[in-house]
Amino acid sequence: MLVNCVAYERGQRLADIPVESISEHVRRPGCFVWVALKDPEPAELAAIQQEFGLHELAIEDAHHGHQRPKLEEYGAALFVVLRMVEWPGDDLLTGEVAIFVGPQYVVSVRRGTQHGFTEVRRRCEQEPDLLRHGPAYVLYALIDTVVDRYFPVLNRITEEIEEIEERIFAGETSRAQIEALYTLKRKLLVLDHATGPLLEVAGKLHGGRVPPICSGLQDYFRDVYDHLLRLKQSVDNLRDMVTTAASLNLSLITISESEVTKRLAAYGALLAVPTMVAGIYGMNFRAMPELEWRWGYPAVVAGMVAIDMYLVYRFRKVGWM
């Protein structure tokens, strides 16, 4: 559906306009139109394509979705795809926004996300001096907002990893911790797939051959690139933390099982001594020593107790009990 269609001139908002009036406004000098769409139907995209003369390949990508973050140039126009990552509940919600940028227009096509860009439009309208740069500044504001929305997701993942580490060191080394860590690792992978390719996009907008439409805003896109670089480094560090936490959890489980094995071995040894002695004296041979000795039974029992007490002393000394 059509969310907004607004005309701007020299950094100032003119008015909301119908789609049919777009061509009239884009012909005016210093004027551009910003159109926002959410989950549009093919007919809506076709109408926008006809108004702005958008490239058919870019329209096809915007219609089908499921694109990796990228930047493509079609003459003087740009086509940018961004991945959006949200965490409204237990699972991550991923969507994307396709942005068409030309000298007199900006078209954003949003799919699969809950949060729109109303605050971005408000922010741009409150900065008319920057909005004078035209569609390129709107592109910067959209990319900057998408990147800023990654940080709350990253912070929440960080908090959950820290909570799991605390539970692991508290002795809760169950299978549930491994499953939780694996789930977080998958979420980090989703975030990495969103931020990694976007580094290349931001790099093309501030360094080397900058598209002419974005000239003059390199410093702003460089700031976005720095944020993305910090995000990328944080994601990599968290993935290492998840791997380390999983290895630590498995190591603690192994140590715990080893301690149980030692205790079982110690108790088995304590039972083995009386069993061996009783087995020897239960063989019923006629010519066995001590069979006729009056103090044989208490001596044997006392010997078994003494040996077990010695074993208990030795096992406690080496930490097996």
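Everything numeric here is computed off the predicted structure, so don't read it as measured data.
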Practice prompt. Give the intermediate values and the outcome of side-chain contact (heavy atoms from CB on, under 4.5 Å) for residues C214 and Y140.
Written response: CA-CA 9 Å; C214 296; Y140 155 75; over 6 Å; no

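- Counting all heavy atoms, side chain and backbone alike, V101 lies closest to I99 at CG2-CG2, 3.7 Å.
- Contact between G102 and P135 at its shortest, heavy atoms only, is O-CG, 3.1 Å.
- Crowding of E73 atom CD: a count of heavy atoms from other residues, nucleotides or ligands under 6.0 Å exceeding 12.
- Taking NE2 from H133 and SG from C124, the interatomic distance works out to 11.5 Å, rounded to the nearest 0.5 Å.
- F100 and F79 have their aromatic ring centers within a separation under 6.0 angstrom.
- Between V235 and Y150, every side-chain heavy-atom pair lies at or beyond the 4.5 Å cut-off.
- Taken from CG in L154 to OG1 in T195, the straight-line distance is 9.0 Å, to the nearest 0.5 Å.
- Sorted by first then second residue, the side-chain hydrogen bond (donor to acceptor under 3.5 Å, both in side chains) pairs that include residues 44-62, not counting sequence neighbours, are D61-K70.
- The two residues T113 and G95 come nearest to each other via the heavy atoms CG2-CA, 3.6 Å.
- L2 and I59 fall within the same hydrophobic cluster, defined by Ile, Leu, Val, Met, Phe, Trp and Tyr side-chain heavy atoms under 4.5 Å apart, directly or through other members.
- Side-chain contact between W87 and K187 is present, with heavy atoms from C-beta onward closer than 4.5 Å.
- Between E96 and R68 the shortest side-chain heavy-atom distance does not fall below 4.5 Å.
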Item to complete: Applying side-chain contact (heavy atoms from CB on, under 4.5 Å), run through L189 and R239 and close with a yes or a no.
Response: CA-CA 8 Å; L189 187 62; R239 292 173 69 178; 4.2 Å; yes

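- The number of heavy-atom neighbours closer than 6.0 Å to NZ of K232, taken from other residues, nucleotides and ligands shown, is above 12.
- Within the model, atoms CH2 of W34 and CD1 of I17 stand 14.0 Å from one another, a figure rounded to the nearest 0.5 Å.
- Counting heavy atoms from C-beta on, the side chains of I22 and F52 come closer than 4.5 Å.
- Expressed to the nearest 0.5 Å, how far CD of E162 lies from CE of M241 amounts to 6.0 Å.
- Heavy-atom neighbours of Y182 OH from other residues, nucleotides or ligands within 6.0 Å: at or below the threshold of 12.
- Nearest approach of Y8 to R13, heavy atoms of both residues: CD2-CA, 3.5 Å.
- With respect to R110 and E86, no salt bridge is recorded, no charged nitrogen being found less than 4.0 Å from a carboxylate O.
- In this structure, the separation between CG on L238 and OG1 on T244 is 11.0 Å, given to the nearest 0.5 Å.
- Other residues, nucleotides and ligands place no more than 12 heavy atoms under 6.0 Å from the CZ atom of R186.
- Listed here is the closest heavy atom pair of P103 and I213: N-CD1, 3.6 Å.
- The 12-atom threshold is exceeded at CD of E127, counting heavy atoms of other residues, nucleotides or ligands nearer than 6.0 Å.
- Within the model, atoms CD of Q177 and CZ of R167 stand 4.5 Å from one another, a figure rounded to the nearest 0.5 Å.
- For the pair E160/T183, no side-chain contact is recorded, criterion being any heavy-atom separation below 4.5 Å from C-beta on.
- Within the 4.5 Å cutoff, no side-chain heavy atoms of V6 are placed close to those of V33.
- Linking Ile, Leu, Val, Met, Phe, Trp and Tyr residues whenever their side-chain heavy atoms come within less than 4.5 Å leaves F117 and L93 in two separate clusters.
- Connection of V26 to V138 is not established within any shared hydrophobic cluster, with ILVMFWY side chains joined at heavy-atom distances below 4.5 Å, either directly or through further cluster members.
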Which pairs of donor and acceptor atoms, one on a side chain in residues 216-226, lie under 3.5 Å apart (sequence neighbours left out)?
from : atom 1 : to   : atom 2 : distance (Å)
Q218 : OE1    : G216 : N      : 2.8
D219 : OD1    : R222 : NH1    : 2.6

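- Side chains of K185 and T243 form a contact here, defined as non-hydrogen atoms less than 4.5 Å apart.
- Closest of all the heavy-atom pairs between A62 and V109 is O-CG1, 4.4 Å.
- There is a path of hydrophobic side-chain contacts, each under 4.5 Å, that joins F151 to V146.
- Salt-bridge formation is not detected for the pair E119/R123: no Lys NZ or Arg NE/NH1/NH2 atom is positioned less than 4.0 Å from an Asp or Glu carboxylate oxygen.
- Note on L82: it does not cluster hydrophobically with L54, by side-chain heavy-atom contacts below 4.5 Å among ILVMFWY residues.
- Counting only heavy atoms from C-beta outward, the side chains of T118 and N4 never approach each other to under 4.5 Å.
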